[in-house]
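Comments concern the structure below.
Letters go in sequence order (proteins before strands), and every chain restarts at 1.
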2 protein chains.
Amino acid sequence: MQRTLSPVTYSNQEEAVAGIAKALSHPVRVKILKLLAGESCCFTGELTEVIPMAQSTISQHLKALLEAGLIQGEIDPPKVKYCINRENWKIAQALFEGFFSQGHATAGCDC
Amino acid sequence: MQRTLSPVTYSNQEEAVAGIAKALSHPVRVKILKLLAGESCCFTGELTEVIPMAQSTISQHLKALLEAGLIQGEIDPPKVKYCINRENWKIAQALFEGFFSQGHATAGCDC
DNA sequence: TTAGTTCATCGTAAATATACGATCAAGAAA
DNA sequence: TTTCTTGATCGTATATTTACGATGAACTAA
């Protein structure tokens with residue numbers, strides 16, 4: 001994985017899409033987001049009961065979603081409430097909307 | 001990474017979103033898709049000239065995009081033309097549209 | 001204070017992903 | 001035929017991801 005060639009540069013859009021996509025690239029994280037987005041908004045460690053995975057593993061996935069900005073947590077001792085970060089969610093939505101709407105290009109394609 | 005707990009099950013939507021997201025989770029693949037989606041539709045190995053990466057590496061990324069169904073290739077000896085797979089692109093677009101439109105849930109959230 | 005609950009973090013093992021050069025296969029051109 | 005071009009695949013080194021159990025930190029309840 002050592003890069004010997006000149007480094008590739010990416011646009012902000014490319015980095016942003018890839019970043020959000022990476023957060024969504026594991027089914028359990030998609031599932032968590034679905035749970036949080038659903039009626040059971042502001043879930044907490046009940047995730048551990050719904051998803052048969054070690055608590056530490058779920059915490060790790062939550063961290064990934066946090067760092068991607070897709071969720072936010074609020075400490076409510078001794079628990080922690082997680083929920084969708086609506087603002088960033090909208091941004092991500094618009095980002096992907098823009099990205100996918102690119103793909104309906106024009107003529108020129110004879111594949 | 002050994003799973004000792006009972007296996008987690010995922011819905012088709014969860015798997016599908018994660019699968020497409022994984023394909024989009026590397027900026028160079030996003031870049032490639034943008035190039036293919038753009039005016040330079042049906043690009044080929046000119047990718048190697050635009051993106052300073054080893055030819056084998058680019059081929060590897062193309063393979064990932066192929067397997068995700070986002071692009072398709074047509075052999076045009078001695079070259080290969082790649083372009084967006086419009087049908088699957090639409091499907092992916094709808095998939096993410098549906099996924100992201102979930103996140104604007106109702107009340108109940110006091111985060 | 002002591003014990004219990006909740007969740008993050010640490011340490012670690014195994015699996016995947018990423019990048020490269022080298023090689024191989026298919027076909028075009030000589 | 002031989003040679004060249006194009007692009008896939010192989011082999012490999014390193015980095016990252018994923019999963020777990022164990023431990024630690026913060027706070028509540030006895």
Side-chain angles (χ1 to χ4, degrees), chain A residues 1-10 14-15 18-32 35-36 42-68 71-83 111, chain B residues 1-10 14-15 18-32 35-36 42-68 71-83 111:
Chain A
M1 208 180 178
Q2 5 58 314
R3 290 208 46 81
T4 58
L5 274 55
S6 69
V8 187
T9 60
Y10 302 109
E14 284 157 4
E15 299 270 20
I20 301 292
K22 178 174 264 184
L24 299 178
S25 71
H26 193 296
V28 86
R29 289 196 290 268
V30 176
K31 184 189 279 289
I32 289 173
L35 287 169
L36 292 181
C42 281
F43 240 66
T44 74
E46 290 112 1
L47 288 171
T48 317
E49 293 165 22
V50 177
I51 302 173
M53 270 184 168
Q55 178 265 326
S56 57
T57 304
I58 291 187
S59 188
Q60 219 169 13
H61 285 297
L62 286 171
K63 189 181 179 189
L65 292 172
L66 263 178
E67 285 172 353
I71 65 173
Q72 59 193 153
E74 181 193 281
I75 300 177
D76 180 16
K79 303 192 176 185
V80 177
K81 277 187 188 174
Y82 283 107
C83 61
C111 275
Chain B
M1 207 176 179
Q2 7 51 322
R3 289 209 46 82
T4 57
L5 273 55
S6 69
V8 188
T9 59
Y10 303 109
E14 284 157 4
E15 299 270 21
I20 301 292
K22 178 173 264 183
L24 300 178
S25 71
H26 192 297
V28 85
R29 289 196 290 269
V30 176
K31 186 190 278 290
I32 290 173
L35 288 168
L36 293 180
C42 281
F43 241 65
T44 73
E46 290 112 2
L47 288 172
T48 317
E49 293 164 21
V50 177
I51 302 172
M53 270 185 168
Q55 177 265 326
S56 57
T57 304
I58 292 188
S59 188
Q60 220 168 11
H61 285 298
L62 286 170
K63 189 181 178 188
L65 291 172
L66 264 176
E67 285 172 353
I71 64 172
Q72 60 192 157
E74 180 192 281
I75 300 177
D76 179 18
K79 302 192 174 184
V80 177
K81 276 188 188 174
Y82 283 106
C83 61
C111 275

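Nearest-nucleotide positions on DNA chain D for A:Arg29 and A:Met1 put A:Met1 closer to the 5' end. Comparing B:Met53 and A:Pro78 by the nucleotide of DNA chain C that holds the closest heavy atom to each, the one mapping nearer the 5' end is A:Pro78.
Heavy atoms from other residues, nucleotides or ligands lying under 6.0 Å from CG of B:Leu5 number more than 12.
The distance from atom CD of A:Glu74 to atom P of C:dC7 is 13 Å, rounded to the nearest whole Å. Per the geometry, NZ belonging to B:Lys63 stands 14 Å off P belonging to C:dT16, to the nearest Å. Between the CG atom of A:Asp76 and the P atom of C:dT5 there is a distance of 17 Å, rounded to whole Å. Between the CD atom of B:Gln2 and the P atom of C:dA13 there is a distance of 10 Å, rounded to whole Å. Here D:dT5 presents its P atom at 13 Å from CD of B:Glu49, a figure rounded to the nearest Å. In this structure, the CG atom of A:Leu66 is 14 Å from the C1' atom of C:dT9, given to the nearest Å. The distance between atom NZ of B:Lys81 and atom P of C:dG27, rounded to the nearest whole Å, is 17 Å. Following rounding to the nearest Å, B:Glu67 (CD) and D:dA8 (C1') show an atom-to-atom distance of 12 Å.
Across B:Leu36, B:Leu35, B:Leu65, a single residue satisfies side chain to side chain contact (heavy atoms under 4.5 Å, CB included) together with B:Tyr82, and that is B:Leu36.
Using a 4.0 Å heavy-atom cutoff across all strands shown, A:Leu5 reaches sugar-phosphate atoms only and no base atom. Here A:Gln55 lies in heavy-atom contact (under 4.0 Å) with a base. When heavy atoms are screened at a 4.0 angstrom cut-off, B:Ile75 is found touching no nucleic acid atom at all. Across all strands shown, A:Ser56 has heavy atoms under 4.0 Å from base atoms, whether or not it also approaches the sugar-phosphate.
One distance of note links CE of A:Met53 with CD of A:Gln60; it measures 10.0 Å at 0.5 Å rounding. Note that NZ of A:Lys81 is 14.5 Å distant from CD1 of A:Ile71, once rounded to the nearest 0.5 Å.
Residue-to-nucleotide contacts include no donor-acceptor pair under 3.5 Å from the side chain of A:Gln60 to the base of C:dA8.
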Note to self: Between B:Ile32 and B:His61, does the side chain to side chain contact (heavy atoms under 4.5 Å, CB included) criterion hold? Intermediate values first, please.
What the structure shows: CA-CA 9 Å; B:Ile32 290 173; B:His61 285 298; 4.2 Å; yes
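Of all non-hydrogen atoms in A:Arg29 and A:Ala64, the two that sit nearest each other are CD-CB, 4.0 Å.
A close approach under 4.0 Å does not occur between any side-chain nitrogen or oxygen of A:His61 and OP1 or OP2 of D:dT17. Residue A:Lys22 places at least one side-chain N or O closer than 4.0 Å to OP1 or OP2 of D:dT17. Residue A:Lys79 has no polar side-chain atom (N or O) positioned under 4.0 Å from OP1 or OP2 of D:dA26. When the side-chain nitrogen and oxygen atoms of A:Ser59 are compared with OP1 and OP2 of C:dA8, one or more of them lie within a distance under 4.0 Å. Residue A:Arg3 has a polar side-chain atom (N or O) positioned under 4.0 Å from OP1 or OP2 of C:dC20. Dashed line: the shortest gap from a side-chain N or O of A:Thr57 to OP1 or OP2 of D:dT18 is not under 4.0 Å.
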